[in-house]
There are 2 protein chains.
Amino acid sequence: MAAKSSKRSQRTGASVPEPRGEPPLSLDRIVATAVELLDAEGLDGLKMRRLADRLGSGVMSLYWHVDNKEDVFDLALDSVLEYRGTIGSQDWRADVLHMLEDWRASMLRHPWSASLLPRRALGPNILARLELLSKTLSGAGVADADLNVAIWSLWNYVMGATITRSSFDLSDADRASGQQRVEHHYPTIERSGLLLDDDWDGVFRKGLDFLLDGLAPR
Amino acid sequence: MAAKSSKRSQRTGASVPEPRGEPPLSLDRIVATAVELLDAEGLDGLKMRRLADRLGSGVMSLYWHVDNKEDVFDLALDSVLEYRGTIGSQDWRADVLHMLEDWRASMLRHPWSASLLPRRALGPNILARLELLSKTLSGAGVADADLNVAIWSLWNYVMGATITRSSFDLSDADRASGQQRVEHHYPTIERSGLLLDDDWDGVFRKGLDFLLDGLAPR
DNA sequence: CGGTTGACTCGTACGACGTACGATGCGATG
DNA sequence: CATCGCATCGTACGTCGTACGAGTCAACCG
């Protein structure tokens, strides 16, 4: 991450008239198309050749805009994590909830992002969210000494919830065949309906509410 | 996951005398060596050819014991997540803390595991840990209605904390170059020392304590 | 004792992938 | 018209996962 040095110049503000037919290659188009491809085919579905096909260009043309395939992953991931919401209403708690739920929703909309996140460095959009979270909590009266624990607790919770959820979606196919295994060997799990409960949103929200209750008085 | 159908038979209880020289191939040896290789070279360092080299065998011999490379990943991941601790002391809170901290430690000892977890189905050792957690919390007096939220809150927290930490380790290399960026654009993060604080264990423990305080009375 | 069978090993080969390299086209500038 | 930087792309190479089928050897059976 940080400063990859492809030969590409700084993006222009798009002052070109942009004619008919195939639009020209650009970083933005490449990243947007990569996201489409990832959404449609998953992590392993992103091949440089396929990406080029979708863009109507030659494979090697991509490499003028992008350093390598890892770069594409980084850019796609960060583009998906951008936050467009606002902050600074009267109700700091609503601000936090909105931002965190939006984050979770963004990642679930692009399930590959959860798989990618643990092995990529922190992109600017992730840092921006952390900054937003810090600022809001700080403004809400959380003491400086407690700030780090509060931020990380929330962060970890959301991150973990999202990744767990993605992981479960992945194993849905195995669920049927694995069900017997669960029923016979894990009685407590079975009794609690832990793996069957489909109300992920509700559980997520309850835990988050609970966490916030503890972190700062309503 | 679940029932992969390699041609391998059920593992024998090792009744063979096991002679000198290169030991024969076995699922256990393959998995153990895969973990070594992953520890040494990371996710991308695991190649079937390299694995075979380390084992002193031909590449294709692996495929009698294993379905494919994904199978190796699944087995390596699950083998690393096995919990050998006990449960059922007087102090349920200590039991939970021990199990969760052991989990985090296991994953940090094998950083590739955090990257792998989100895209793999739930293995038996993960389910076993969930079962243990459920049983302990249930025995500690957490009401059935609150059980799911409690389990998931803890689970998500640990999962998120571990993955965040791994992610930060990864970006350590970029830290120096990215530091200016952080300092200039993210003032609140900078002021709180959020990205510089090296006491991850302490923060992890504090948040966990806090979470447990809320989930069940001391 | 020769023949058969099943467990296990492995050499060769193939298709797919990421990408290095150098040629090519093109608009702007002198 | 000549030059130069931007942008594109065809070809080729090395590496990967693994399909296929031949090989070895011990155990078993007639």
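Naming: A, B, ... by sequence-line order, numbering from 1 per chain.
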A.B. asks: Separation of Y63(A) atom OH from dT19(C) atom C1', in whole Å?
C.D. replies: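 In whole Å, dT19(C) C1' and Y63(A) OH are 5 Å from each other.
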A.B. asks: Donor-acceptor pair, distance only, cut-off 3.5 Å: does the side chain of R129(A) make one with the backbone of E82(A)?
C.D. replies: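 Such a contact is found between R129(A) side chain and E82(A) backbone.
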A.B. asks: Just the rounded figure in Å: distance from P of dT15(D) to CG of L51(B).
C.D. replies: 18 Å
A.B. asks: Can you confirm whether K206(B) is buried at NZ, in the sense that more than 12 heavy atoms of other residues, nucleotides or ligands lie under 6.0 Å from that atom?
C.D. replies: no
A.B. asks: Give the ring-plane orientation class for F204(A) versus Y157(A), where under 30° counts as parallel, over 60° as perpendicular and anything between as tilted.
C.D. replies: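 Ring orientation of F204(A) relative to Y157(A): parallel.
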A.B. asks: Quick test: give all pairs of protein nitrogen or oxygen and nucleotides 23-26 of chain C nitrogen or oxygen below 3.5 Å, distance rounded to 0.1 Å.
C.D. replies:
none

A.B. asks: Given side chains that start at C-beta, do those of W200(B) and L108(B) come closer than 4.5 Å, heavy atoms only?
C.D. replies: no
A.B. asks: Quick one: is dA7(C) close enough that its OP1 or OP2 comes under 4.0 Å of any side-chain N or O from H65(B)?
C.D. replies: no
A.B. asks: Could you tell me the separation between the NZ atom of K69(A) and the P atom of dT15(D), rounded to a whole number of Å?
C.D. replies: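 That distance rounds to 18 Å.
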A.B. asks: Between dC16(D) atom P and K47(A) atom NZ, what is the distance in whole Å?
C.D. replies: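 Taking NZ of K47(A) and P of dC16(D), I get 17 Å after rounding.
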A.B. asks: Within the 4.5 Å heavy-atom criterion, are L75(B) and V66(B) side-chain neighbours or not?
C.D. replies: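 A side-chain contact under 4.5 Å exists here.
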A.B. asks: Please check if the number of heavy atoms outside H110(B) that lie under 6.0 Å from its NE2 is greater than 12.
C.D. replies: yes
A.B. asks: R29(A) has an atom CZ; how far is it from atom P of dT8(D), in whole Å?
C.D. replies: 10 Å
A.B. asks: May I have the list of side-chain donor-acceptor pairs in residues 42-51 of chain B shorter than 3.5 Å, sequence neighbours left out?
C.D. replies:
| from | atom 1 | to | atom 2 | distance (Å) |
| --- | --- | --- | --- | --- |
| R50(B) | NH2 | E41(B) | OE1 | 2.9 |

A.B. asks: Can you check the D44(B) CG to dG18(C) C1' distance for me, whole Å?
C.D. replies: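 Going from D44(B) (CG) to dG18(C) (C1'), I get 12 Å.
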A.B. asks: Which whole-number value in Å describes the distance from M48(A) CE to dT8(D) C1'?
C.D. replies: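 In whole Å, dT8(D) C1' lies 14 Å from M48(A) CE.
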A.B. asks: Does the D95(A) side chain pair with the main chain of S89(A), one donor and one acceptor, at a distance under 3.5 Å?
C.D. replies: yes
A.B. asks: L117(A) versus M107(A): any side-chain heavy-atom pair under 4.5 Å?
C.D. replies: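 Answer yes - side chains close enough.
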A.B. asks: Can you tell me how far C1' of dC16(D) sits from CG of L43(B), to the nearest Å?
C.D. replies: 16 Å
A.B. asks: When you compare the protein's N or O atoms with those of nucleotides 10-14 of chain C, which come within less than 3.5 Å of each other, and at what distance?
C.D. replies:
| from | atom 1 | to | atom 2 | distance (Å) |
| --- | --- | --- | --- | --- |
| dC10(C) | OP2 | G58(B) | N | 3.0 |
| dC10(C) | OP2 | S61(B) | OG | 2.9 |

